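Report on one structure; see the data block that follows.
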Amino acid sequence: RAFFAIKKENANYSFSTSEASQIIFEISPRNLTESEVEDVVRDIQMASTVIVSSRAAQYVIDLLRFPGIEAAIQDSGGWKDVEELAGFITKHNLEFDCANESHFAVLGDVNSLVRRLETEIEEMVVIARVCDDFLQKLWKLRFKRSQTITGTRKRTKNENEELIRETLEEALATPVFPDVISPHI
């Protein structure tokens, strides 16, 4: 089954969803099969993951490039200890055996990681915007219309429709990372 993908054509991005998600955007969509509902839920979750990843990347960049943070890291010896631990974890393939420490693997070269994030953040933000547009469009076309007409959230009798709604509501409530700004003294 084909599902979620981000396509780039001539510097333009499009969110390519499963056939099931495309059915939802039809004028008179038919009821979806359980398999199609799974595909739609997967599309929503993937779009949400892209959005959260973009926000997280921007937060990491802002945090690690913040002057006070950079100075404190340098004053305490830099990233050497963290990078050595990451190298040890990677060298011995422990990221697969120790789930709680697997995130250290990407910290083998922190400055390289931040440079990579800085290089890719602009593209990540554009892709996240495309994903957010998909989620917003899905909400407006499929659920907001009935809520606006009645003024209340209408609970559907269709379990599949309710699962899509709940997944979409959760995706639209994606976490917001704090801004890293200088305090006004």
Side-chain angles (χ1 to χ4, degrees), residues 1-27 29 32 35-67 69-70 79 82-83 86 90 95-96 99 101-145 147 160-181:
R1 295 190 316 234
F3 57 96
F4 172 83
I6 297 291
K7 294 181 180 177
K8 181 178 180 183
E9 295 177 21
N10 301 328
N12 293 319
Y13 292 90
S14 64
F15 183 78
S16 177
T17 59
S18 64
E19 291 176 20
S21 286
Q22 294 169 24
I23 291 169
I24 287 180
F25 291 115
E26 294 174 0
I27 293 172
L32 300 175
S35 174
E36 290 170 331
V37 170
E38 290 173 12
D39 288 348
V40 172
V41 166
R42 188 178 306 110
D43 288 343
I44 293 168
Q45 291 170 335
M46 288 302 299
S48 177
T49 298
V50 169
I51 294 166
V52 172
S53 298
S54 172
R55 291 176 183 171
Q58 186 62 62
Y59 177 71
V60 168
I61 292 167
D62 293 346
L63 183 64
L64 295 181
R65 291 296 190 219
F66 188 74
I69 300 291
E70 280 187 299
W79 290 106
V82 172
E83 291 173 338
T90 303
E95 66 268 25
F96 304 109
E101 281 74 33
S102 65
H103 60 281
F104 280 110
V106 299
L107 299 175
D109 184 345
V110 175
N111 289 322
S112 179
L113 170 66
V114 174
R115 280 192 305 277
R116 180 177 176 194
L117 289 173
E118 288 173 331
T119 301
E120 297 176 4
I121 191 64
E122 190 174 308
E123 188 173 35
M124 291 173 73
V125 168
V126 171
I127 293 169
R129 212 171 286 128
V130 170
C131 291
D132 187 57
D133 289 346
F134 162 74
L135 295 176
Q136 295 295 333
K137 182 180 174 186
L138 181 58
W139 176 256
K140 287 176 186 169
L141 289 176
R142 194 65 175 204
F143 300 106
K144 186 172 182 168
R145 194 174 328 143
Q147 186 172 341
N160 289 340
E161 191 81 6
E162 192 61 28
L163 176 60
I164 292 171
R165 174 194 280 277
E166 289 171 2
T167 305
L168 189 54
E169 285 176 338
E170 187 177 303
L172 290 169
T174 53
V176 176
F177 292 85
D179 290 327
V180 180
I181 57 173

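The shown structure was predicted, so the numbers you read here are calculated from the model rather than taken from an experiment.
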Which heavy atom of Ile121 sits nearest a heavy atom of Ile61, and at what distance?
-> CB-CD1, 3.9 Å

Taking every heavy atom of Glu36 against every heavy atom of Ile23, the minimum-distance pair comes out as OE2-CD1, 3.7 Å

Evaluate side-chain contact (heavy atoms from CB on, under 4.5 Å) for Glu161 paired with Leu32, printing each intermediate quantity in order.
-> CA-CA 9 Å; Glu161 191 81 6; Leu32 300 175; 5.9 Å; no

Stepwise, does the side-chain contact (heavy atoms from CB on, under 4.5 Å) test hold for Asp39 with Arg42?
-> CA-CA 5 Å; Asp39 288 348; Arg42 188 178 306 110; 2.9 Å; yes

Please report the closest heavy-atom contact between Asp43 and Ser21, naming both atoms and the distance.
-> OD2-OG, 2.6 Å

What distance do Leu168 atom CG and Gln45 atom CD have between them, rounded to the nearest 0.5 Å?
-> 11.0 Å

Side chain of Ser54, backbone of Val50: donor and acceptor closer than 3.5 Å?
-> no

Nearest non-hydrogen partners of Arg65 and Glu70, listed with the distance = O-OE1, 3.2 Å

Please name the pair of heavy atoms, one in Ala171 and one in Leu135, separated by the smallest distance, quoted to 0.1 Å.
-> CB-CD1, 4.1 Å

For residues 111-132, pull every pair meeting ring pair (Phe, Tyr, Trp, His ring centres under 6.0 Å), keeping only residues two or more places apart or in separate chains.
-> none

Calculate, to the nearest 0.5 Å, the distance between atoms CZ and CD belonging to Arg116 and Glu120 respectively.
-> 4.5 Å

Would you find a donor on one side and an acceptor on the other, under 3.5 Å apart, between the side chain of Glu83 and the backbone of Val110?
-> yes

Val106 and Leu113: which non-hydrogen atoms are nearest, and at how many Å?
-> O-CD2, 3.8 Å

Would you give the length of the straight line joining atom CH2 of Trp79 to atom CG of Leu107, rounded to the nearest 0.5 angstrom?
-> 7.0 Å

Short question: side chain of Thr119, backbone of Arg115 - any donor-acceptor pair under 3.5 Å?
-> yes

So how far is it from Leu172 CG to Ile51 CD1, rounded to the nearest 0.5 Å?
-> 7.5 Å

In this structure, CG of Leu117 is separated from CD of Gln58 (nearest 0.5 Å) by 9.5 Å

To the nearest 0.5 Å, atom CD1 of Ile164 lies from atom CD of Glu38 at 11.0 Å

